[in-house]
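In this text the structure is predicted, and so the values were computed from the model without any measurement. We name chains A, B, ... by the order of the sequence lines, and we start the count at 1 in each one.
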Number of protein chains: 2
Amino acid sequence: MTHHYDLLERLRAQGHRLTPQRDMILLAVHDAGGHASAEEIHQQVLLQNPNVDLSTTYRTLELLTEMGIVYRTDMGDGTSRYELAEEEMHHHLVCRRCGRVMDLSHDVLEPLQERLRADYGFAADFTHMVFQGLCEGCHGESTGEP
Amino acid sequence: MTHHYDLLERLRAQGHRLTPQRDMILLAVHDAGGHASAEEIHQQVLLQNPNVDLSTTYRTLELLTEMGIVYRTDMGDGTSRYELAEEEMHHHLVCRRCGRVMDLSHDVLEPLQERLRADYGFAADFTHMVFQGLCEGCHGESTGEP
DNA sequence: TTCTTACTTGCGATTGTTTGCAGAAGCAAA
DNA sequence: TTTGCTTCTGCAAACAATCGCAAGTAAGAA
């Protein structure tokens, strides 16, 4: 596992400053173990230092996202989720009926990515896609939400 | 062109009520001619009746989206865009560097849709996808935002 | 036509996220 | 260590979008 000090060093190497808040926030993202909301991450940070502002958490998460250290994912439920980018690239299938989330390996998207590059000259950012739809258990029952 | 009264009739056919607000909002979506924000649609409605509330516009747009009468698209700029669903199903490639928007025909997505169904039993909602990335003119110049 | 009832609306409050600003603090150089 | 520059933070306010509630109203029944 990549130690989080290495990641913090990447911040400084790119001219950003290494602050206690950033340290705590990055550690909280790591400890959350994936798919954590900004609010959840912030609550975790507050346990260590109750003065850290929520906007600082948001700004830091954005910085880490820009640097590629964390992934931000919009699962379609109105809140963004964050997770460390150290694991293998993967995607999500989200059932709009029961909310079930399935992982999707990247190689399923590679043919599409290749075709977009070949036919449109477009280099798609397939870093952490989310596809909405109906899962196996839900799309047999056609319409009628619970 | 599908007349908007036909669309309003579809509302009533599904047990929803046909109110002047819904009439105005649907007409505003039509007049906007695609990719209009909720706020822009609301401003258009206010010209006809300044008492219509923004939340009514949002609720109506959500209803129309659920019924498949309009498409909601998140272009990645923080605000959702709405357009009538009467045209052919299509998708967008959005360049994150220069903002250029390209149309993408649906048949490019069909192999992926089929594979998700076959391998995962997942019926993906590929109604109006948006893929972020770099267009032909922008991804030659590697990094360095303007 | 009037009645009735469930669906809609306007309003205000709330959520999730972003931004502007003044003071605080990291970091490189002296 | 101190200085000085610049970035970062906390605070408060703005923002897009949603929600709860009481009053309003469409549409079928009588």
What is the separation between atom [atom1] on [X] and atom [atom2] on [N], rounded to the nearest whole Å?
X	N	atom1	atom2	value
A:Asp74	C:dT18	CG	P	11 Å
A:Asp23	D:dC8	CG	P	15 Å
A:Arg72	C:dG16	CZ	P	15 Å
B:Arg12	D:dT25	CZ	P	18 Å
A:Glu9	C:dC27	CD	C1'	13 Å
A:Met24	D:dC8	CE	P	15 Å

For the residue pair B:Asp103 and B:His92, confirm or rule out a side-chain donor-acceptor distance under 3.5 Å.
yes
May I ask you to verify if any side-chain N or O of [X] is less than 4.0 angstrom from the OP1 or OP2 atom of [N]?
X	N	value
A:Ser80	C:dT17	yes
B:His16	C:dT8	yes
A:Thr79	C:dT17	no

Do the ring planes of A:Phe126 and B:Phe131 sit parallel (below 30°), tilted (30 to 60°) or perpendicular (above 60°)?
perpendicular
Between CD on residue A:Glu62 and CZ on residue A:Arg72, distance to nearest 0.5 Å
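Answer rounded to 0.5 Å: 6.0 Å.
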Nearest to the side chain of [X] - [options]?
X	options	answer
A:Gln21	D:dT9, C:dC27, D:dA26	D:dT9
A:Ala38	D:dA27, D:dC5, C:dT17	C:dT17
A:Arg17	C:dT17, D:dA27, D:dT6	D:dT6

Taking for each residue the nucleotide of DNA chain D bearing the nearest heavy atom, is the 5' side occupied by B:Ser37 or by A:Thr19?
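First, find each residue's nearest nucleotide; the 5'-ward one identifies A:Thr19.
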Quick one: closest heavy-atom pair of A:Ser37 and A:Tyr82, and the distance?
C-CD1, 4.4 Å
Check whether any side-chain N or O of A:Thr56 sits under 3.5 Å from a backbone N or O of A:Val52 as a donor-acceptor pair, and report yes or no.
no
In residues 42-64 of chain B, which residues come under 4.0 Å of DNA chain D by heavy atom?
B:Ser55, B:Tyr58, B:Arg59
Same cluster for B:Leu112 and B:Tyr120 if Ile/Leu/Val/Met/Phe/Trp/Tyr side chains link at under 4.5 Å?
yes
Just jot down the salt bridge (Lys or Arg N to Asp or Glu O under 4.0 Å) partners of B:Asp125, sequence neighbours excluded, or say none.
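Result, salt bridge (Lys or Arg N to Asp or Glu O under 4.0 Å) vs B:Asp125: A:Arg96.
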